Amino acid sequence: LTPDTIIQYLYKTDFIRMDDKNKIQESIYKYRKHSGNKPFRENRLFESIRGNLRILLDQYLLVPDMDILHVSTYIKNVNSILKISEDNVILTTSPSHSIHMAGYFLSKKGLPWVADFRDPWDNYPETGHYELLNPIERMMEKMVIEQADAVISTTRTNTDNLVKKHSQISQKKFFTITNSYDKEKV
């Protein structure tokens with residue numbers, strides 16, 4: 001792929017406007033003219049564009065996180081375990097929050113499901129969200145909370161926030177299990 005091809009694609013798919021496209025192409029032309037057509041800068045431009053596309057994918061298409069791509073594999077692997085196991089409870093723990101989507105679909109088989117939120121889905125340090133800004137993520141969190149038989153959080157504050165946020169759901173579903181250790185074993 002050449003920078004020109006990438007720029008044309010970005011323009012056709014409305015990622016960049018015409019004036020941005022022209023500025024980028026003009027910069028490439030000026031560089032080629034002054035550098036004797038050396039490819040080094042173009043490679044850096046390509047890497048920059050590719051990096052920005054990855055950010056777009058991460059923030060807008062791979063919701064709630066990149067592990068959403070693996071949910072079908074999780075489900076397939078758990079299904080194979082369920083065929084030979086007599087343990088019939090699903091426990092999903094996050095982050096990454098995509099694992100809860102696997103739990104959601106597996107619970108449709110009638111298996112009890114516990115969703116463990118080690119960190120809140122919103123206000124997660126990695127994203128910096130105070131609340132879920134993406135409506136798809138809000139819908140996913142709601143689906144998870146409604147479908148799970150029990151919801152665990154690691155702090156009382158996080159549990160209270162979930163209860164408040166999902167006030168239509170019985171408080172009996174929410175539990176706090178703090179991170180801890182056994183002093184006798186340490």
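A quick note: this is a predicted structure, and the numbers were derived from the prediction, not measured. Numbers here simply count residues along the sequence, with the first being 1.
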Calculate, to the nearest 0.5 Å, the distance between atoms [atom1] and [atom2] belonging to [X] and [Y] respectively.
X: K142; Y: Q147; atom1: NZ; atom2: CD; result: 13.0 Å
X: Y74; Y: L69; atom1: OH; atom2: CG; result: 9.5 Å
X: S96; Y: D119; atom1: OG; atom2: CG; result: 11.5 Å
X: I99; Y: I90; atom1: CD1; atom2: CD1; result: 10.0 Å

Original post:
With no hydrogens and no angle check, do the side chains of T155 and N158 hold a donor and an acceptor under 3.5 Å apart?
Top reply: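 Result is yes, a qualifying pair exists.
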Min side-chain heavy-atom separation [X]-[Y] under 4.5 Å:
X: H70; Y: S98; value: no
X: M140; Y: W121; value: yes
X: V114; Y: L91; value: yes

Original post:
In terms of hydrophobic clustering (I, L, V, M, F, W, Y; side-chain heavy atoms under 4.5 Å; direct or indirect links), are I169 and I152 co-clustered?
Top reply: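 No, because I169 and I152 fall into different hydrophobic clusters, even though each may have its own neighbours under 4.5 Å.
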Subject >> All side chain to side chain contact (heavy atoms under 4.5 Å, CB included) counterparts of A115, not counting sequence neighbours >> reply: T92, H100, W113, F117, V144, A148
Original post:
Does the pair R156/D160 count as a salt bridge with the N-to-O cut at 4.0 Å?
Top reply: yes
**OP:** Start with the C-alpha gap between E141 and H166, add the side-chain angles, then the distance that decides, and say whether side-chain hydrogen bond (donor to acceptor under 3.5 Å, both in side chains) holds.
**Re:** CA-CA 10 Å; E141 183 187 61; H166 301 281; 3.2 Å; yes
**OP:** Would you mind listing every salt bridge (Lys or Arg N to Asp or Glu O under 4.0 Å) that reaches into residues 108-117, with sequence neighbours excluded?
**Re:**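 Listed by first then second residue: D116-R118.
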If we ignore hydrogens and angles and just use 3.5 Å, is the side chain of [X] paired with the main-chain N or O of [Y] as donor and acceptor?
X: N79; Y: I75; answer: yes
X: S170; Y: K172; answer: yes
X: K76; Y: V71; answer: no

**OP:** State whether the number of non-hydrogen atoms from other residues, nucleotides or ligands found under 6.0 Å of K173 atom NZ is greater than 12.
**Re:** yes
